[in-house]
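Comments concern the structure below.
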Amino acid sequence: MEGIVYIRLRHRVQVKSDSMVNLGQLAQIIAPEDVLEDLKRIHIHKVEPSDKNIIVIDVMTVIKRISVNHLHLDIQTIGPAQSIIEVIYEKKKVSLPLFIGVWMLLFIGAAMAIMNFHEDVSMRQVHQTLYHFITGEEDPHPLLFQIPYSFGLGLGMILFFNHIFRKRLNEEPSPLEVEMFNYQQDLDQYVIMHENKESMKKLDDN
């Protein structure tokens with residue numbers, strides 16, 4: 001394997017603003033021991049304010065940087081042809097009134113959605129019918145069904161989202177996490193195609 005370097009770009013790398021991105025951060029590297037540390041220290045990109053929060057690095061850019069001082073190496077690339085650098089800026093502290101306001105907005109919105117759904121499907125009438133069917137009595141407020149149903153509704157949402165606050169119930173991803181993953185994949189593909197200038201070439205380009 002002498003003289004051969006295997007490089008696999010990481011799909012996404014998070015860095016701080018105004019930082020220098022090295023090859024060791026951007027990719028996994030398999031190389032001879034005498035050049036491995038030098039390769040890891042190669043500067044690939046200096047984060048500038050004009051970069052905003054997303055930078056796309058093409059594998060050809062990486063090969064050019066390596067070839068400047070290591071012409072004798074045989075570079076073999078594996079995996080994705082682009083890597084996304086996500087610039088993380090310092091987050092401002094969220095004020096307590098804003099947090100409470102957003103929490104109340106989401107809580108009330110979710111409650112209204114559930115109540116409107118139950119009204120549309122006549123859930124109260126269903127409970128009244130079930131209560132009459134089982135007990136033979138009429139009751140406008142069949143709490144025998146409504147109370148367990150309310151607890152079951154909350155328990156079902158916990159099982160569906162597979163989380164109790166930040167604690168995961170098991171290793172299986174929830175449907176929401178799968179949808180978020182698919183959304184992130186589509187978003188990354190869009191960014192790679194539209195932010196990477198090397199992926200598109202106009203007719204008048206030389």
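Since this is a predicted model, take the numbers as computed values, not measurements.
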> Using a distance-only test with no angle check, is there a side-chain donor-acceptor pair under 3.5 angstrom linking Gln76 and Asp74?
Replying inline: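 A donor-acceptor contact under 3.5 Å links the two side chains.
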
> Hey, are Asp51 and His45 close enough side-chain-wise for a donor-acceptor pair under 3.5 Å?
Replying inline: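 Checked: His45/Asp51 side chains pair up, N/O donor to acceptor below 3.5 Å.
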
Does the side chain of [X] reach to within under 4.5 Å of the side chain of [Y], using non-hydrogen atoms?
X      : Y     : answer
Val87  : Tyr89 : yes
Ile84  : Ile55 : no
Val62  : Ser83 : no
Leu9   : Ile57 : no
Thr61  : Lys64 : no
Val5   : Ile7  : yes
Asp188 : Arg12 : yes

For [X], does the [atom1] atom have more than 12 heavy-atom neighbours from other residues, nucleotides or ligands under 6.0 Å away?
X      : atom1 : result
His11  : NE2   : yes
Phe151 : CZ    : no
Arg124 : CZ    : no

> Can you list every pair that meets salt bridge (Lys or Arg N to Asp or Glu O under 4.0 Å) and has a residue in residues 175-185, with sequence neighbours left out?
Replying inline: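 Output for this query lists Arg168-Glu177.
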
Determine, using the 4.5 Å side-chain heavy-atom cutoff (strictly less than), whether [X] and [Y] are members of one ILVMFWY cluster.
X      : Y      : value
Ile114 : Ile108 : no
Phe181 : Val178 : no
Leu105 : Leu98  : no
Met115 : Met104 : yes
Ile134 : Leu144 : yes

>> Parallel, tilted or perpendicular: which one describes the rings of His127 and Phe145, with boundaries at 30° and 60°?
In response: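 If you compare the ring of His127 with that of Phe145, the planes turn out parallel.
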
>> Does the plane of the ring in Phe107 sit parallel, tilted or perpendicular to the ring in Trp103? Use 30° and 60° as the thresholds.
In response: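 Taking Trp103 first and then Phe107, their aromatic rings lie parallel (interplane angle under 30°).
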
Hey, could you give me the [atom1]/[atom2] distance between [X] and [Y], rounded to the nearest 0.5 Å?
X      : Y      : atom1 : atom2 : answer
Gln128 : Leu130 : CD    : CG    : 10.5 Å
Tyr131 : Asp139 : OH    : CG    : 5.0 Å
Thr77  : Met60  : OG1   : CE    : 9.0 Å
Gln146 : Leu153 : CD    : CG    : 12.5 Å
Asp38  : Asn69  : CG    : CG    : 9.0 Å
Gln82  : Asp58  : CD    : CG    : 5.0 Å

>> Assess the residue pair Val15 and Ile88 against the criterion (side chain to side chain contact (heavy atoms under 4.5 Å, CB included)); give the C-alpha distance rounded to whole Å, side-chain angles, the decisive distance to 0.1 Å, and a yes or no.
In response: CA-CA 6 Å; Val15 299; Ile88 305 298; over 6 Å; no

Which pairs of donor and acceptor atoms, one on a side chain in residues 16-35, lie under 3.5 Å apart (sequence neighbours left out)?
residue, atom, partner, partner atom, Å
Ser19, OG, Lys16, O, 2.6
Gln25, OE1, Asn22, N, 2.9

> How far apart are the C-alpha atoms of Tyr149 and Met123, what are their side-chain angles, what is the distance that settles it, and do they pass the side chain to side chain contact (heavy atoms under 4.5 Å, CB included) test?
Replying inline: CA-CA 10 Å; Tyr149 175 79; Met123 186 60 68; 3.5 Å; yes

> Does the side chain to side chain contact (heavy atoms under 4.5 Å, CB included) test come out yes or no for Glu86 and Asn53, once each step is laid out?
Replying inline: CA-CA 6 Å; Glu86 182 181 359; Asn53 65 322; 5.7 Å; no

>> Walk me through whether Ile85 and Ile54 qualify under side chain to side chain contact (heavy atoms under 4.5 Å, CB included).
In response: CA-CA 6 Å; Ile85 299 175; Ile54 293 292; over 6 Å; no

